[in-house]
K.L.:
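One structure is given below, represented as structure tokens, and several questions about it will come after.
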There are 2 protein chains.
Amino acid sequence: MISHTEENYLKAMFGFMDEQGEITVNELSKHLSIKMPTVNGMMKRLSEKGLVHYESYKPLKLTEEGKKLAALVIRKHRLTEMYLVEKMGFGWEEVHIIAEQIEHIQSPEFFDKMDELLGYPQHDPHGSPIPDKGGKIKSRKLVRLAECAPEDTVILAAIADSSEELLKFLNHRNLKLGTELTVESIESFDKSMVIKTSTDKSQVLSNLVTEKLLMEKE
Amino acid sequence: MISHTEENYLKAMFGFMDEQGEITVNELSKHLSIKMPTVNGMMKRLSEKGLVHYESYKPLKLTEEGKKLAALVIRKHRLTEMYLVEKMGFGWEEVHIIAEQIEHIQSPEFFDKMDELLGYPQHDPHGSPIPDKGGKIKSRKLVRLAECAPEDTVILAAIADSSEELLKFLNHRNLKLGTELTVESIESFDKSMVIKTSTDKSQVLSNLVTEKLLMEKE
DNA sequence: TATATTTGTTAGTTCAAACAAACTTATTAC
DNA sequence: GTAATAAGTTTGTTTGAACTAACAAATATA
Ligand SMILES: [Mn+2]
Ligand SMILES: [Mn+2]
Ligand SMILES: [Mn+2]
Ligand SMILES: [Mn+2]
């Protein structure tokens with residue numbers, strides 16, 4: 001069996017690993033706010049369990065089984081978020097903290113039921129893909145709004161960081177998933193952007209924000 | 001803060017204490033399937049935290065604060081069971097094990113939302129009362145079916161033990177909360193009972209079962 | 001009342017999961 | 001190419017939550 005704590009480590013590794021699927025002890029330590037010796041020790045344990053490839057002084061990698069388990073935790077997390085928003089009426093900015101706990105519930109039936117009641121959703125309330133029961137993730141090719149050029153018309157498809165503050169800011173600006181917008185201009189010195197949606201007046205977004213908005217191009 | 005484990009101890013103490021509100025280390029140990037020295041140690045810890053009155057070789061008692069906390073865990077448990085049955089479509093025999101885990105979620109908003117969506121229910125799916133947000137429990141005066149006499153007409157109001165097996169048996173016999181039934185006769189040597197509901201044929205229930213069915217008299 | 005049994009407690013051990021201090025290896029700067 | 005810095009590891013502690021073995025107190029039994 002896998003503990004609550006181990007699930008959190010796997011999830012973090014999966015979520016923060018680089019393109020080669022690697023992450024260092026140091027990075028993981030920072031993301032989890034857990035000191036390096038503790039992380040190092042846990043990596044040895046997970047390696048014993050066949051979930052992590054561990055070699056001294058080398059970056060860490062998840063094994064295939066580790067990846068699958070991580071994806072299944074992420075599945076539980078995202079299904080929960082979707083359920084809380086769609087069926088219980090929570091705001092998208094409220095659900096992440098609750099899902100951090102519920103993702104550790106050991107009851108396949110519970111999550112299967114959520115999935116069924118939601119009609120087998122593909123994405124969570126922040127636009128992130130929900131892995132299937134086999135741990136497979138369908139990923140879309142999205143572009144950061146920061147990378148778009150003036151005149152581009154794109155659709156808000158996902159938020160790269162689901163912190164309460166950013167999501168509340170987006171509520172305030174009336175920017176939701178599915179909102180179509182056009183880039184009107186970009187201020188070169190600070191990369192702030194003027195954008196326009198069909199329903200609202202033009203508005204300025206700082207680069208800090210545009211870096212976090214993931215857009216779908218047509 | 002109170003840990004997952006401590007919540008389980010408080011809940012068990014509250015649920016199994018006698019009329020004077022007392023329970024021995026030994027009894028608690030048996031109910032939790034945790035060895036006596038472990039229970040004894042935990043009682044000292046809870047006493048440090050002001051949740052238990054602990055005196056060597058004397059039976060244990062919850063403090064007022066301990067009682068309130070225990071009732072709030074029970075509230076989370078029962079609200080969850082009700083939610084799983086009413087809003088997610090689980091059977092009443094499936095929900096106890098899931099609620100054992102969800103009762104430890106730390107998020108008042110989550111349980112408040114359940115409560116609201118359910119319309120502030122008074123009882124869980126097994127007929128047990130749901131404590132209010134202040135930890136107060138409204139208890140009804142119910143009688144075990146085993147105590148009823150021939151000719152008595154009573155309503156099934158609660159199940160004393162929500163084990164999966166008993167609940168599945170009741171499903172099979174078409175006995176639900178709210179079912180009205182009349183005692184037709186009692187076999188004196190084994191106390192088995194013949195009962196009759198309005199919808200079904202007469203059926204025999206063993207004393208093992210009638211001891212677990214809590215009835216409302218008119 | 002004396003003995004046996006049950007119940008409760010203490011002491012010491014284990015394991016998971018965290019930490020700090022000290023040390024080693026790798027990387028970067030000069 | 002050496003010195004300084006960063007990253008990774010080892011060792012030893014701490015705390016929570018479990019255990020066993022041994023002992024003490026309370027209760028039941030003869
Ligand atoms: Mn999330
Ligand atoms: Mn978590
Ligand atoms: Mn229950
Ligand atoms: Mn529990």
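Just so we're on the same page: letters track the sequence lines, and every chain starts at 1. The structure displayed is predicted, hence computed values, not measured ones.
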K.L.:
Counting primed atoms plus P, OP1 and OP2 as sugar-phosphate and everything else as base, spell out the protein contacts along nucleotides 13-23 of chain D at 4.0 Å heavy-atom distance: B, S or - for each nucleotide, 5' to 3'.
P.N.:
---SSBBBB--
K.L.:
Taking CD from A:Glu55 and C1' from D:dG8, how many angstroms apart are they, rounded to a whole number?
P.N.:
14 Å
K.L.:
OP1 or OP2 of D:dT9 sitting under 4.0 Å from any side-chain N/O of A:Ser56?
P.N.:
yes
K.L.:
Answer yes when B:Glu147 and B:Lys217 have at least one side-chain N-carboxylate O distance shorter than 4.0 Å, and no when they do not.
P.N.:
no
K.L.:
So, are B:Glu100 and B:Lys11 salt-bridged, with charged N and O less than 4.0 Å apart?
P.N.:
yes
K.L.:
Between B:Glu164 and B:Lys168, is there a side-chain N and carboxylate O pair less than 4.0 Å apart?
P.N.:
yes
K.L.:
How about A:His77 and A:His96: are their ring centroids closer than 6.0 Å?
P.N.:
yes
K.L.:
Evaluate whether atom CD1 of A:Ile155 has more than 12 neighbouring non-hydrogen atoms of other residues, nucleotides or ligands under 6.0 angstrom away.
P.N.:
yes
K.L.:
Is the Lys NZ or Arg CZ of B:Lys67 less than 6.0 Å from the centre of B:Phe14's six-membered ring, within 45° of the axis?
P.N.:
no
K.L.:
Charged N to carboxylate O below 4.0 Å: is that the case for B:Glu6 and B:Lys49?
P.N.:
yes
K.L.:
Tell me which residues in residues 11-20 of chain A put a heavy atom below 4.0 Å from DNA chain C, sorted by number, or none.
P.N.:
none
K.L.:
Does A:Asn40 reach a base, just sugar-phosphate, or nothing at all? Heavy atoms under 4.0 Å.
P.N.:
base
K.L.:
Between A:Glu216 and A:Lys141, is there a salt bridge with N-O shorter than 4.0 Å?
P.N.:
no
K.L.:
OP1 or OP2 of C:dT6 less than 4.0 angstrom from a side-chain nitrogen or oxygen of B:Tyr57, does that happen here?
P.N.:
no
K.L.:
So, B:Arg75 and B:Asp132, do they make that salt bridge, N to O below 4.0 Å?
P.N.:
no
K.L.:
If an axis is fit to five pairs at each end of the helix from C:dT1-D:dA30 to C:dC30-D:dG1, what is the angle between the two, to the nearest 10°?
P.N.:
10°
